[in-house]
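Since the model is a prediction, treat every value here as computed from it, not as a measurement. Heads up: numbering here begins at 1 and tracks the sequence. Atoms within a ligand are numbered from 1 in the order they appear, just like the ligands themselves.
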Amino acid sequence: MTTPRDIARSSLGNAVSYSLEAASPTTAFYSPPASQGSFMAGSLTSRTAATAKQLKPFNAGDIKILLLENVNQTGRDILAAQGYQVEFLKTSLPEDQLIEKIREVHVIGIRSKTKLTAKVLQEAKNLLVVGCFCIGTNQVDLDYAAKHGIAVFNSPFANSRSVAELVIAEIITLARQLGDRSLEMHRGTWNKVSAKCWEIRGKTLGIVGYGHIGSQLSVLAEAMGMSVIYYDVLTLMAIGSARQVPTLEKLLEEADFVTLHVPETPETKNLISTKEFESMKTGSYLINASRGTVVDIPALIKAMRAGKVAGAALDVFPHEPAANGDYFVNNLNTWAEDLRGLNNIILTPHIGGSTEEAQRAIGVEVADSLVRYINQGITLASVNLPEVTMRSITLDEHDHARVIYIHRNVPGVLRKVNEILAEHNVDKQISDSKGDIAYLMADVSDVKTQDIKDIRDSLDSLNSRILTRVLY
Ligand SMILES: NC(=O)C1=CN([C@@H]2O[C@H](COP(=O)(O)OP(=O)(O)OC[C@H]3O[C@@H](n4cnc5c(N)ncnc54)[C@H](O)[C@@H]3O)[C@@H](O)[C@H]2O)C=CC1
Ligand SMILES: O=C(O)CCC(=O)C(=O)O
């Protein structure tokens with residue numbers, strides 16, 4: 001069934017199909033300015049596409065991109081170098097304003113705060129793709145997006161090291177009560193104490209979630225003389241001398257410092273609550289730089305007041321404000337003032353991944369993924385669509401077109417698609433599925449402008465269709 005979104009998105013395609021002849025020879029080729037789109041190792045897009053033909057599903061200038069949450073300059077440059085229209089905002093937007101804006105755009109770039117729920121996405125009639133300029137993708141309804149042919153990309157590990165380094169800093173800061181001493185000095189109080197201040201050498205670090213961040217942290221912690229144990233739902237190879245433990249309870253019973261590096265899922269909601277605090281060693285410490293929902297904060301407050309937990313560092317919270325300002329109060333999270341009143345607690349505004357290095361690398365990685373997807377339909381690194389890639393159509397290949405057909409994964413689709421493509425020479429074709437959704441890409445030759453419209457119209461008429469794009 002054709003939805004308003006499909007009509008809006010294909011009308012972009014139609015509008016541009018007819019502008020094919022009007023495209024100037026230079027705009028038909030991919031040649032971003034050398035000064036743009038590269039940082040350090042450089043943008044993948046600008047490195048790999050030199051001899052590739054830039055496929056024209058549209059005039060690049062028709063593509064509207066909204067970048068929220070202060071996406072790094074590197075990413076903005078790569079997208080602007082393509083000639084897309086890029087609107088940039090430093091903050092995220094409240095839902096009503098987001099809905100207004102998202103109706104207009106083909107691409108949205110966000111970080112962790114912008115919630116792309118089904119309610120928001122259903123208003124996004126033109127949206128082709130979402131770029132999460134971060135690791136976490138829990139803020140996007142990935143399933144809804146896939147079912148409506150909206151690809152989602154993220155940066156799976158460019159900020160892992162930054163988070164791991166922050167956690168190392170926090171372990172020492174908590175062990176030495178540095179936060180409290182510093183606050184006292186700022187207030188003019190000299191308070192030289194050693195009671196309950198510790199070296200971290202020889203202490204046990206318990207890592208919950210031994211993925212990119214957890215395993216990186218494991219290496220750093222061992223280098224500083226800590227013993228590392230970890231708990232993960234998967235059996236994972238231990239790095240160095242680290243040791244996997246079979247249950248969360250076992251980890252909590254053994255660790256002096258517990259640090260959380262799991263994604264936000266229904267299973268990780270309140271993963272650490274009253275029962276888990278009871279299992280922890282008296283005088284141990286908790287660090288959470290994963291997602292705010294993973295810790296039951298009222299239970300943490302109780303455990304800290306009771307002396308069970310000697311210190312905590314929280315970088316993430318169940319409700320985080322959309323912009324910087326004086327927002328960390330009870331209006332946002334009912335327990336905010338209780339938390340602020342505790343001793344030896346480090347509270348940071350979700351800055352785990354906020355380093356120049358991480359943000360620059362993320363900007364390049366995600367912008368490259370977006371450009372590849374918009375211009376060539378390549379889904380490599382997509383988190384919600386099957387990962388499909390094919391070599392580019394080259395400048396020598398005239399009258400070639402790339403057909404992309406996102407469809408429901410039901411029997412008989414390939415036969416019908418190939419009947420439609422049969423009048424042309426299919427040079428290469430690939431198809432893959434992920435759950436209910438399949439992604440087919442075919443490069444066909446001997447295709448004239450009128451054929452492009454016919455191919456798209458025929459594919460659009462199939463009832464398995466989610467989205468058709470023909471790039472040429
Ligand atoms: N504070 C910040 O600025 C940042 C926070 N993050 C958060 O950190 C999380 C972890 O990041 P990565 O290490 O890159 O993710 P990852 O996907 O590489 O690793 C997560 C690990 O957690 C494990 N896991 C999942 N559910 C679990 C459960 N119930 N119990 C135990 N283990 C479980 C997985 O098997 C996996 O090994 C992200 O999902 C994100 O939410 C990521 C980057 C920056
Ligand atoms: O830097 C950000 O805004 C988000 C960092 C984060 O939590 C992530 O990458 O998942």
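Both the backbone and the side chain of Ile213 come within 4.0 Å of ligand 1, counting heavy atoms alone. Under 4.0 Å from ligand 1, heavy atoms of Val262 appear from its side chain as well as its backbone. Only the side chain of Ile135 comes within 4.0 Å of ligand 1, counting heavy atoms alone; its backbone N, CA, C and O stay farther away. Contact annotation for Thr265 and ligand 1: no heavy atom of the residue comes within less than 4.0 Å of the ligand.
Looking at Glu253 and Lys250, no side-chain N of the basic residue comes within less than 4.0 Å of a carboxylate O on the acidic one, giving no salt bridge. Lys101 and Glu104 are not joined by a salt bridge, as no carboxylate oxygen comes within less than 4.0 angstrom of a charged side-chain nitrogen.
Counted by atom type alone, Thr204 and Glu254 present zero donor-acceptor pairs between their side chains at under 3.5 Å. For the residue pair Glu357/Ser162, the side-chain donor-acceptor check at 3.5 Å is not satisfied. Side-chain contact check for Ser464 and Tyr405: at least one donor-acceptor pair (N or O, by modelled atom type) lies under 3.5 Å. Side-chain N/O atoms of Gln244 and Thr235 include no donor and acceptor closer than 3.5 Å. Of the N and O atoms on the side chains of Ser160 and Gln216, not one donor lies less than 3.5 Å from an acceptor on the other residue.
Within ligand 1, the atoms closer than 4.0 Å to a non-hydrogen atom of Leu234 are 35 (O), numbered from 1 in the order shown. Close contacts between ligand 1 and His350 involve ligand atoms 1 (N), 2 (C), 3 (O) [criterion: under 4.0 Å to a heavy atom]. Numbered from 1 in the order shown, with element, the atoms of ligand 1 that lie under 4.0 Å from a heavy atom of Tyr231 read 30 (N), 31 (C). Residue Val163 has at least one heavy-atom neighbour below 4.0 Å for each of these atoms of ligand 1: 4 (C), 43 (C), 44 (C).
Remark: distances from the non-hydrogen atoms of Glu264 to ligand 1 are all 4.0 Å or more. Remark: distances from the non-hydrogen atoms of Phe157 to ligand 1 are all 4.0 Å or more.
For atom 20 (C) of ligand 1, the nearest protein heavy atom (residue, atom name, distance) is His261 O, 3.5 Å. With respect to atom 24 (N) of ligand 1, the closest heavy atom belonging to the protein is Val233 CG2, 3.7 Å. Ranking protein heavy atoms by distance to atom 25 (C) of ligand 1, first place goes to Pro263 CD, 3.5 Å. For atom 40 (C) of ligand 1, the closest non-hydrogen atom on the protein side is Arg291 NH1, 3.7 Å.
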Tabulation required: pairs of a nitrogen or oxygen in ligand 2 and a protein nitrogen or oxygen under 3.5 Å; columns are atom names and distance to 0.1 Å; otherwise 'none'.
unit_1: ligand 2; atom_1: 1 (O); unit_2: Arg111; atom_2: NE; d: 3.4
unit_1: ligand 2; atom_1: 1 (O); unit_2: Arg111; atom_2: NH2; d: 2.8
unit_1: ligand 2; atom_1: 3 (O); unit_2: Arg111; atom_2: NE; d: 3.0
unit_1: ligand 2; atom_1: 3 (O); unit_2: Arg111; atom_2: NH2; d: 3.4
unit_1: ligand 2; atom_1: 3 (O); unit_2: Ser112; atom_2: OG; d: 3.4
unit_1: ligand 2; atom_1: 7 (O); unit_2: Arg291; atom_2: NH1; d: 2.8
unit_1: ligand 2; atom_1: 7 (O); unit_2: Arg291; atom_2: NH2; d: 3.2
unit_1: ligand 2; atom_1: 7 (O); unit_2: His350; atom_2: NE2; d: 2.6
unit_1: ligand 2; atom_1: 9 (O); unit_2: Ile135; atom_2: N; d: 2.5
unit_1: ligand 2; atom_1: 9 (O); unit_2: Asn159; atom_2: ND2; d: 3.0
unit_1: ligand 2; atom_1: 10 (O); unit_2: Ile135; atom_2: N; d: 3.4
unit_1: ligand 2; atom_1: 10 (O); unit_2: Gly136; atom_2: N; d: 2.6
unit_1: ligand 2; atom_1: 10 (O); unit_2: Arg291; atom_2: NH2; d: 2.7

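Distance check for atom 22 (O) of ligand 1: a protein heavy atom is found below 4.0 Å. Within the 4.0 angstrom cut-off, atom 17 (O) of ligand 1 has no protein heavy-atom neighbours.
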Side chain to side chain contact (heavy atoms under 4.5 Å, CB included) evaluation trace for Lys115 with Val120: CA-CA 8 Å; Lys115 306 278 178 254; Val120 172; over 6 Å; no
